[in-house]
Each structure stands twice: as structure tokens, then as C-alpha cells.
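Both ligands and their constituent atoms are indexed starting at 1 by order of listing. Side-chain atoms are counted along with the backbone in the values below, which use heavy atoms only and exclude waters and symmetry mates.
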Amino acid sequence: MKILVIGDVTSPAGVEHLSRELWKFRGENGIDFCVVNGENASFVTGISPELAEVLSRAGADCITGGNHTMRNKRIYGYLDEREDIVRPLNFGDASPGKGYTILDARGYRVLVMNAMGNVHIDPTLDSPFSAIDEALKDAEGKYDLSILDIHAEATGEKLAVGYCYDGKINVIFGTHTHVRTDDKKILPHGTGYISDVGMCGESGGILGMDAECVVKRMKSHLPHPFVAADGKCVANGVIFEYDITSKRVTKITSVDF
Ligand SMILES: [Fe+2]
């Protein structure tokens, strides 16, 4: 089973890029299931239902979320209605949508979970560990393989989640920092892990933003409006090859397209 995960889509141009390229890439690489982090596909204003719909049609079997997910109120109903989009588990039951879903891939039941970290991102949220434990308990016996998007700032926290759930969750990938890390690895009990997948959007600036505007904001501490970066759109992704019999990830490959 080949699972492709794609890092944070940073703008509508990133969505358009996936519309053009993702099905082609899936076909050429024999991808069975694809997860895309789309929390901020509308560019600093979360994700709209329209862009979520485009991402689904583009070949995202599941869209995951993060700290920006709830910025656009119009997504709330969509989160409730659709099975193929999740927001962080630790937003809690009062939040729209759900933190995990179970979808089909070639006849296998795939559990996709999304959780947010606490360290340097949102210490007010419930612990991701408790939220993940609860989801695993709730979904027990209902899935054949499992995937977690841990949307967090600190690599230490993401690695702690990786080692904590090694052998219990099959694929664990980090999102949020927009820069792909070089630490992909198969953990001792067979879980495929990477601290951050990267991003999908204009590649010319700082994390999808225009470099000059980010530098101005940082130097002046004034709220200069964000502007999208220029440059060619690129999707950073990782392919996890999972062996359903041994329940182990056997290979992890970084890809850009
Ligand atoms: Fe984020």
C-alpha cells in the first residue's frame, strides 16, 4: 500500500497546482491513498468549503487541519457533513467536525487522525497524547491501518508522539512548519515517521509568504499585510510504503512535484 502525504497547502495557487498535478503524480507512482494538510489553503484565512472541494476532486482522499482550520466560519458545516476532512482531535467535542475518520483504500479501512501539539503553538489545548489515546480506543477494531497528522511546532514534541505510538499507529507525519525535515525513519516497531512534510504553494519566499513582507513585519513589529510568495508552485510530499501483512512501513521516500 502506497500512502502519499502532502504538507500544508499555503494558498489557492497551491490548490490549483494540486488540481493540475496530483492525479498525474498518483497514477505515475501507484499511490493508493493520499492525505493533504489543507488547514490554510485559503492563504492565512483558513480553508473555504470551495477550496476543500477542489482539493478532494484533485485527488486528496483526506484533508487534515491545524491551528488555522476554524478561521473561516463557512467551513464549519462542511466539517460536520463530510467524512473526508478532519480537524485536530484536541479541539474537543464542542468544536465543529471530527478529529478522526475511517475511509476506504483498495478495500482496506484507513483510520486518519489529526492532532495538534501544545509546545510553542497552543498550550491551552488538551494534550495530544490523551486525545490520540481516546481516538484509538474509540476506533478500536474498526480499521486496518492508521495514519496521524501531528500538526505542531516543536520537533521534540512530534518525535515524542512518534515514539509513543510506534507500532500502534502505522504512519505518523508532522505538519505546520512548512519546511520538510530530513529525519524520515522507520521506528523500531514499524511505524513510518517524519517530523515535517513541508508545504505546497509558491516556493519563492518564506513559508509561502513574500520574503520582503515577512522581513518588514519582523523588523518593525508592525502588522504589514501578508502577501503570497512568488515563484513556481511546488508540492512537498512523502510516500510511505506499508506492508499490510507485517503491519510495518517498509520504505519512505521524499518527493517534490
Ligand atoms: Fe499550522
Side-chain angles (χ1 to χ4, degrees), residues 5-15 17-18 35-48 51-52 55 60 62-76 78-79 85-92 95-100 112-128 131-132 147-162 172-181 193-203 205-210 213-214 217-218 223 225-229 233-238:
V5 301
I6 294 170
D8 306 41
V9 180
T10 58
S11 67
V15 176
H17 179 69
L18 290 178
V35 182
V36 176
N37 184 289
E39 64 141 356
N40 210 8
S42 299
F43 186 71
V44 300
T45 55
I47 179 168
S48 66
L51 286 176
L55 278 178
C62 189
I63 301 168
T64 52
N67 51 309
H68 294 294
T69 297
M70 300 302 179
R71 280 184 181 237
N72 183 339
K73 287 182 183 167
R74 292 174 51 247
I75 199 69
Y76 300 173
Y78 192 90
L79 290 169
I85 183 164
V86 287
R87 47 76 175 160
L89 287 160
N90 42 350
F91 280 6
S95 204
K98 59 213 150 300
Y100 79 82
V112 185
M113 293 172 285
N114 186 197
M116 247 182 79
N118 290 140
V119 180
H120 302 314
I121 182 164
D122 194 344
T124 66
L125 286 178
D126 289 346
S127 153
I132 294 163
I147 301 171
L148 169 69
D149 173 357
I150 176 73
H151 195 81
E153 185 74 46
T155 29
E157 188 177 29
K158 296 190 218 190
L159 276 158
V161 168
I172 300 178
F173 68 97
T175 53
H176 178 68
T177 69
H178 297 196
V179 177
R180 186 166 58 214
T181 53
Y193 173 86
I194 187 165
S195 290
D196 208 290
V197 178
M199 59 169 264
C200 173
E202 295 94 330
S203 58
I206 299 174
L207 314 183
M209 308 278 181
D210 174 66
C213 114
V214 174
R217 284 177 73 103
M218 290 202 171
F226 281 122
V227 177
C233 274
V234 177
N236 304 139
V238 173

Quick one, His151 and Thr64 - any side-chain contact, counting heavy atoms below 4.5 Å?
no
Checking the side chain of Glu157 only, and the main-chain atoms of Asn118 only, is there a donor and an acceptor separated by less than 3.5 Å?
yes
Which of Thr175, Thr181, Ile172 passes side-chain contact (heavy atoms from CB on, under 4.5 Å) with Ile194? Answer is Thr181
May I ask you to list the protein N, O or S atoms found at less than 2.8 Å from the Fe ion (ligand 1)?
Glu39 OE2, Asn67 OD1, His151 NE2, His176 ND1
Are the side chain of Asp196 and the backbone N or O of Arg180 linked by a donor-acceptor pair below 3.5 Å?
no
Measure from the side-chain N and O atoms of Arg71 to the backbone N and O of Ser42, and report whether any donor-acceptor pair falls under 3.5 Å.
no
Any luck finding a side-chain donor-acceptor pair between Thr124 and Asp122 under 3.5 Å?
yes
